[in-house]
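What's counted below: heavy atoms across the whole structure, side chains too, no hydrogens, waters or symmetry copies.
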Amino acid sequence: EQLCNELGVKIRCFEVWHDSRNLELLQRLDAGRCNGVPFFYNKRSKQFICGATTYENLKTWALGKTCEEFAPPPE
């Protein structure tokens, strides 16, 4: 929500546990790279992030810039 407000971007969330169509979408976009959630995919830039990440990395991803695919937040 903060990211959407700050950057004016739209981020869609899909529930995959109870919705098989959303699970199929996740599997197609993931293509075996992450095999889990959260999974962030930018359809414009084709950039993706596997798992929890830092706010700055998520912001970079949302802007369509090159982001780190695996960048967990500090503990």
Side-chain angles (χ1 to χ4, degrees):
E1 200 174 289
Q2 178 184 345
L3 192 64
C4 294
N5 292 334
E6 182 180 335
L7 301 178
V9 297
K10 181 179 179 181
I11 297 176
R12 295 174 59 192
C13 299
F14 296 87
E15 191 285 319
V16 297
W17 186 258
H18 298 298
D19 190 319
S20 60
R21 288 179 53 207
N22 288 343
L23 179 58
E24 289 172 14
L25 175 63
L26 168 64
Q27 291 170 334
R28 189 170 69 245
L29 295 175
D30 179 334
R33 297 178 285 211
C34 301
N35 296 315
V37 292
F39 176 74
F40 301 93
Y41 185 80
N42 185 319
K43 68 180 184 179
R44 290 189 179 130
S45 69
K46 309 294 189 251
Q47 294 285 314
F48 66 92
I49 299 174
C50 297
T53 192
T54 64
Y55 184 78
E56 286 304 314
N57 195 47
L58 194 61
K59 186 175 176 179
T60 300
W61 165 85
L63 292 171
K65 298 178 182 176
T66 302
C67 63
E68 296 293 326
E69 296 169 356
F70 301 92
E75 292 185 28

task = Of all the heavy-atom pairs spanning S45 and G64, show the shortest one and how long it is.
result = CB-O, 3.6 Å
inquiry  = To the nearest 0.5 Å, what is the distance between CG on L3 and CD on E1?
reply    = 11.0 Å
request  = In sequence, state the C-alpha distance, the side-chain angles, and the governing distance for E69 and F40, and then conclude on side-chain contact (heavy atoms from CB on, under 4.5 Å).
outcome  = CA-CA 9 Å; E69 296 169 356; F40 301 93; over 6 Å; no
task = Looking only at non-hydrogen atoms, find the nearest pair between A52 and P38 and report the distance.
result = N-CG, 3.7 Å
note = When every non-hydrogen atom of L7 is compared with those of A62, the smallest separation belongs to CD1-CB, 4.1 Å
ask   = Is F39 close to L26 at the side-chain level, that is, under 4.5 Å between some pair of heavy atoms?
value = yes
inquiry  = For a quick test of reading the model, state the closest non-hydrogen atom pair linking P72 to F70 and the distance between them.
reply    = CD-C, 3.7 Å
query = Any side-chain heavy atom of W17 sitting closer than 4.5 Å to one from L23?
reply = no
key: Same apolar cluster: V37 and L58, side chain cutoff 4.5 Å   = no
message = Would the distance check show the side chain of N22 and the main-chain N or O of F14 forming a donor-acceptor pair, the cut-off being under 3.5 Å?
response = no
query = How far apart are the closest heavy atoms of I11 and W61, and which atoms are they?
reply = CD1-CZ3, 4.1 Å
L29 side chain near F48 side chain, heavy-atom distance below 4.5 Å = no
inquiry  = I'd like to know if the side chain of R28 reaches the main chain of L25, judged simply by a donor and an acceptor atom lying under 3.5 Å from each other, with no hydrogens or angles considered.
reply    = no
query = Applying the side chain to side chain contact (heavy atoms under 4.5 Å, CB included) test to E68, which of I49, T53, N57, T54 qualifies?
reply = N57
request  = Would you check if the side chain of Q47 reaches a backbone N or O of N42 as a donor-acceptor pair within less than 3.5 Å?
outcome  = no
ask   = For the residue pair T60 and T66, what are the closest heavy atoms and their distance?
value = CG2-O, 3.2 Å
message = Regarding E6 and K59, does a basic nitrogen lie under 4.0 Å from an acidic carboxylate oxygen?
response = yes
request  = Determine yes or no for a side-chain-to-main-chain donor-acceptor pair under 3.5 angstrom, with E24 supplying the side chain and Q27 the backbone.
outcome  = no
